[in-house]
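Here the structure comes first, spelled out in structure tokens, and everything after it is commentary.
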Amino acid sequence: MPLPPSASIAAISRHSGQAVTLAGWIAGKTEKGKLVFLRLRDGSGLIQCVVFRKNVAEETFTAAQSLTLESSCRISGVVRADERAPGGFEIDVSNVEIVQLAPEYPIQPKEHGVEFLMEHRHLWVRSAKQHALLRIRAEITAAAQEWLNDQGFVRFDSPILTPCAAEGTSNLFATQYFDLGSAYLGQTGQLYVEAGMMSFGKVYCFGPTFRAEKSKTRRHLTEFWMIEPEMAFATHEDNLVLQEQFVSAIVQRVLERRAADLATLERDTATLERCLPPFPRITYDDALDLIARHHAEVEGCTPLPWGEDLGAPHETLIASRFDRPVFVERFPSAIKAFYMEPDPQRPDVALCADLLAPEGYGEIIGGSQRIHDVALLERRIRAYGLNLDDYQWYLDLRRYGSVPHSGFGMGIERATAWIAGTHHIRETIPFPRMLYRMYP
RNA sequence: UCCCCGAUAGCUCAACGGUAGAGCGGCUGACUGUUAAUCAGUAGGUUCCAGGUUCGAAUCCUGGUCGGGGAGCCA
């Protein structure tokens, strides 16, 4: 009769000296004649299991010998402290029950190319580094939501199928929506969380967003997850304070709870430990000065005339001059979304900010104070060439009890790439969707 | 969309105009402390596709397909 697992590998030290049954997959095997070492992975951790021929039934030893990489099995035995074992504990095996014997496993414990690994992403997620990375992602999404919940935010999700372009800028994925014409996969939930903010005061949405841009860089996905808080009666200043507290709370929680995974990834945690408020702030104007003076330090970085948006090399240069995330605020309104509140001191710039992660990981947050005056918002919608009829519901939010309000969006994958120290964003989501990849 | 690069055994790669190879993995055997074990043996190929140059093409040329790196766009 099959035994259910009686212990998890992560908590194996609690069972030292006891007989347990573990259920999992074979992560490695070494045969040494009359003994077999099995490395068993159960999702919580990895442990070495030792099968001695003279200690077990002949069929148990044969079963242990026959196990292949990633075969599933139940292993019973006594937990024993042994300093020769990785992790300090091993299983002295008494029984091996094969659940399924796997044929030759494609992914070997050696170097593989990106194309091959992406083609086998459904198997690659079992590998130690991918496992650590995706656990960190899960910690980040949990930390982000729980922190906002603790601050009184209410989760208020936005639709994924939307009737028109929210910002009128990005290219959207279109799909046929019954007899109502085209629907578009949303590229932000922001306009909808503004409606929620007027109901709950503080809200956030969290879900996938879609950009049909033909981006082909290590910082872009066509489908990515974004968490977007929005607060009533909040100014640009309030927004920046919220962001630095939010980001540092997430980073500190990952440092506390996922230290082992950061170690697996060989992440240098020094820059993460410094990630505490307040974050430095520079204005767009200051950024242009800084670029003019230091552009030679970064390859491909050239001085910018006022009014041009920052490119990737400019962001890298700016981020490299600070030891923690840095806000770049008050961009020219003309290069930003139509709904951003103009600076009352200087109406040609917007009350907005991008948060740049250190170490060249780029923009992880974009946020702004939103226009709350209905007449100004109408003028902006027209000036951006958008169809006013599409935005009547959004204008209603300014007709009935309008208040100053602010919010931002954080890209989960970019934040994960930075915190985990992963070169390419594609590994920070289980199944990345990219320009040239939709399988598996 | 633009610029650059690549495709040879299951995987990682070599062969650069003259007989298509190695390491790893697989399979068979040996081994009581391995942990990307070691040793011996063994199987495994439409050199991405189509056309061209040549006595002869994995190799050179043209086109295509698939993919990688970067830019722009943005989170």
Side-chain angles (χ1 to χ4, degrees), chain A residues 26-40 46-55 61 65-66 68-69 80 82-87 90 92 102-120 127-128 167 169-172 187-190 206 208-228 299-302 308-316 335-337 354-357 361-367 408-418 423-426 428-429 434-437 439:
Chain A
I26 298 299
K29 180 179 79 167
T30 309
E31 288 189 72
K32 276 286 291 159
K34 296 192 173 63
L35 77 168
V36 177
F37 295 97
L38 300 170
R39 283 176 294 287
L40 187 75
L46 195 68
I47 195 166
Q48 170 166 287
C49 306
V50 191
V51 192
F52 285 90
R53 181 168 218 158
K54 65 168 186 168
N55 292 356
F61 192 76
Q65 283 183 308
S66 73
T68 53
L69 209 54
R80 181 174 62 197
D82 189 316
E83 54 186 33
R84 291 171 296 185
E90 65 183 18
D92 186 9
E104 186 184 352
Y105 189 64
I107 300 179
Q108 301 166 22
K110 61 172 283 193
E111 295 289 319
H112 289 286
V114 171
E115 183 178 1
F116 176 80
L117 290 169
M118 290 310 304
E119 201 69 19
H120 295 85
S127 303
E167 300 185 0
T169 51
S170 303
N171 291 319
L172 305 178
Q187 88 274 38
T188 172
Q190 190 216 302
F206 180 43
T209 50
F210 304 87
R211 303 279 163 90
E213 301 289 345
K214 293 195 168 180
S215 298
K216 189 169 157 38
T217 81
R218 65 190 177 91
R219 298 182 308 281
H220 288 86
L221 297 169
T222 54
E223 176 181 324
F224 66 97
W225 285 61
M226 187 154 64
I227 191 159
E228 297 177 271
E299 196 183 336
C301 189
T302 51
E308 289 281 310
D309 208 351
L310 305 180
H314 306 111
E315 291 184 354
T316 301
I335 55 171
K336 288 293 180 181
D354 288 349
L355 183 66
L356 306 183
Y361 287 94
E363 181 185 345
I364 54 172
I365 285 181
F408 65 92
M410 183 178 82
I412 293 297
E413 291 76 17
R414 284 194 184 171
T416 303
W418 163 53
H423 177 71
H424 202 298
I425 196 172
R426 66 186 158 216
T428 63
I429 185 168
M434 294 177 293
L435 183 51
Y436 295 120
R437 179 158 300 279
Y439 176 91

Quick one: label [X] by what it contacts on the DNA or RNA (base, sugar-phosphate, nothing), any heavy atom closer than 4.0 Å.
X: A/Glu363; answer: sugar-phosphate
X: A/Glu90; answer: base
X: A/Glu413; answer: nothing
X: A/Gly366; answer: sugar-phosphate
X: A/Gly113; answer: sugar-phosphate
X: A/Pro106; answer: nothing
X: A/Asp309; answer: sugar-phosphate

Using atom [atom1] of each nucleotide, how far apart are [N] and [M] to the nearest Å?
N: B/rA22; M: B/rG44; atom1: P; answer: 13 Å
N: B/rA57; M: B/rC16; atom1: C1'; answer: 11 Å
N: B/rA37; M: B/rG23; atom1: C1'; answer: 16 Å
N: B/rC27; M: B/rG10; atom1: C1'; answer: 13 Å
N: B/rU54; M: B/rA36; atom1: C1'; answer: 46 Å
N: B/rG21; M: B/rA9; atom1: P; answer: 14 Å
N: B/rG6; M: B/rU19; atom1: P; answer: 24 Å
N: B/rC13; M: B/rC55; atom1: C1'; answer: 32 Å

Give a yes or no on whether the backbone of [Y] and the side-chain of [X] come within a donor-acceptor separation of less than 3.5 Å.
X: A/Glu90; Y: A/Val50; result: no
X: A/Arg414; Y: A/Glu363; result: yes
X: A/Thr222; Y: A/Arg211; result: no

Looking only at N and O atoms, is any donor in the side chain of A/Gln48 or the base of B/rU34 less than 3.5 Å from an acceptor on the other one?
->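 Result: at least one qualifying N/O pair found.
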
Given B/rC11, B/rA37, B/rC31, which nucleotide is nearest the side-chain atoms of A/Thr30?
->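 Looking only at heavy atoms from C-beta outward on A/Thr30, the closest nucleotide is B/rA37.
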
Looking at the side chain of A/Phe52, which of B/rC74, B/rU34, B/rU32 is the nearest nucleotide?
->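 Nearest nucleotide to the side chain: B/rU32.
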
Specify the separation, in whole Å, of atom [atom1] of [X] and atom [atom2] of [N].
X: A/Leu69; N: B/rC11; atom1: CG; atom2: P; value: 16 Å
X: A/Tyr105; N: B/rA36; atom1: OH; atom2: P; value: 17 Å
X: A/Glu308; N: B/rG72; atom1: CD; atom2: P; value: 11 Å
X: A/His220; N: B/rG72; atom1: NE2; atom2: P; value: 9 Å
X: A/Lys29; N: B/rC24; atom1: NZ; atom2: P; value: 18 Å
X: A/Glu104; N: B/rG44; atom1: CD; atom2: P; value: 15 Å
X: A/Glu111; N: B/rC11; atom1: CD; atom2: P; value: 15 Å
X: A/Gln65; N: B/rC27; atom1: CD; atom2: P; value: 12 Å

For A/Thr217, which residues count as a side chain to side chain donor-acceptor pair (under 3.5 Å) partner, sequence neighbours excluded?
->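 Scan of A/Thr217 (side chain to side chain donor-acceptor pair (under 3.5 Å), adjacent residues dropped) gives A/His220.
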
Set of residues satisfying side chain to side chain donor-acceptor pair (under 3.5 Å) with respect to A/Asp309, sequence neighbours excluded |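 For A/Asp309 there are no side chain to side chain donor-acceptor pair (under 3.5 Å) partners, ignoring immediate neighbours.
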
Please write out each protein N/O paired with an N/O of nucleotides 45-47 of chain B under 3.5 Å, distance rounded to 0.1 Å.
none

When every nucleotide of nucleotides 64-71 of chain B is labelled 5' to 3' by its protein contacts under 4.0 Å (heavy atoms), B for base, S for sugar-phosphate only, - for none, what sequence of letters results?
-> --SSBBBB

Could you list, one pair per line, each protein nitrogen or oxygen that sits under 3.5 Å from a nitrogen or oxygen of nucleotides 39-42 of chain B, together with the distance?
none

How close do [X] and [Y] get, counting heavy atoms only, and between which atoms?
X: A/Thr428; Y: A/Ile425; result: OG1-O, 2.7 Å
X: A/Asp354; Y: A/Lys336; result: OD2-NZ, 3.4 Å
X: A/Thr30; Y: A/Arg39; result: OG1-NH1, 3.7 Å

Mind checking what makes side chain to side chain contact (heavy atoms under 4.5 Å, CB included) contact with [X], not counting sequence neighbours?
X: A/Glu115; value: A/Arg437
X: A/Arg53; value: A/Lys34, A/Glu58, A/Phe61
X: A/Ser66; value: A/Ile98, A/Leu101

For [X], enumerate each residue passing the salt bridge (charged side-chain N to carboxylate O under 4.0 Å, His left out) test, keeping only those at least two apart in sequence or located in another chain.
X: A/Asp92; result: A/Arg80
X: A/Glu228; result: none
X: A/Glu31; result: A/Lys29

Aromatic plane relationship, A/Phe116 with A/His112 - under 30° parallel, 30 to 60° tilted, over 60° perpendicular |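 It falls in the parallel class, under 30°.
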
Give RNA chain B the dot-bracket treatment, 5' to 3': Watson-Crick (N1-N3 with N6-O4 or O6-N4) or G-U (N1-O2, O6-N3) under 3.5 Å, [ ] crossing, | other strand.
-> (((((((..((((....[..)))).(((((.......))))).....(((((..]....))))))))))))....

Spacing of OH belonging to A/Tyr361 relative to NE2 belonging to A/His423, to within rounding of 0.5 Å =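 So the gap between those two atoms works out to 8.5 Å.
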
Does A/Lys32 have a side-chain nitrogen or oxygen under 4.0 Å from the phosphate oxygens OP1 or OP2 of B/rG33?
->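 Yes, such a contact exists.
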
Nearest nucleotide by nearest heavy atom, which residue falls closer to the 5' end of RNA chain B, A/Met226 or A/Asp82?
->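 Of the two residues, A/Asp82 wins.
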
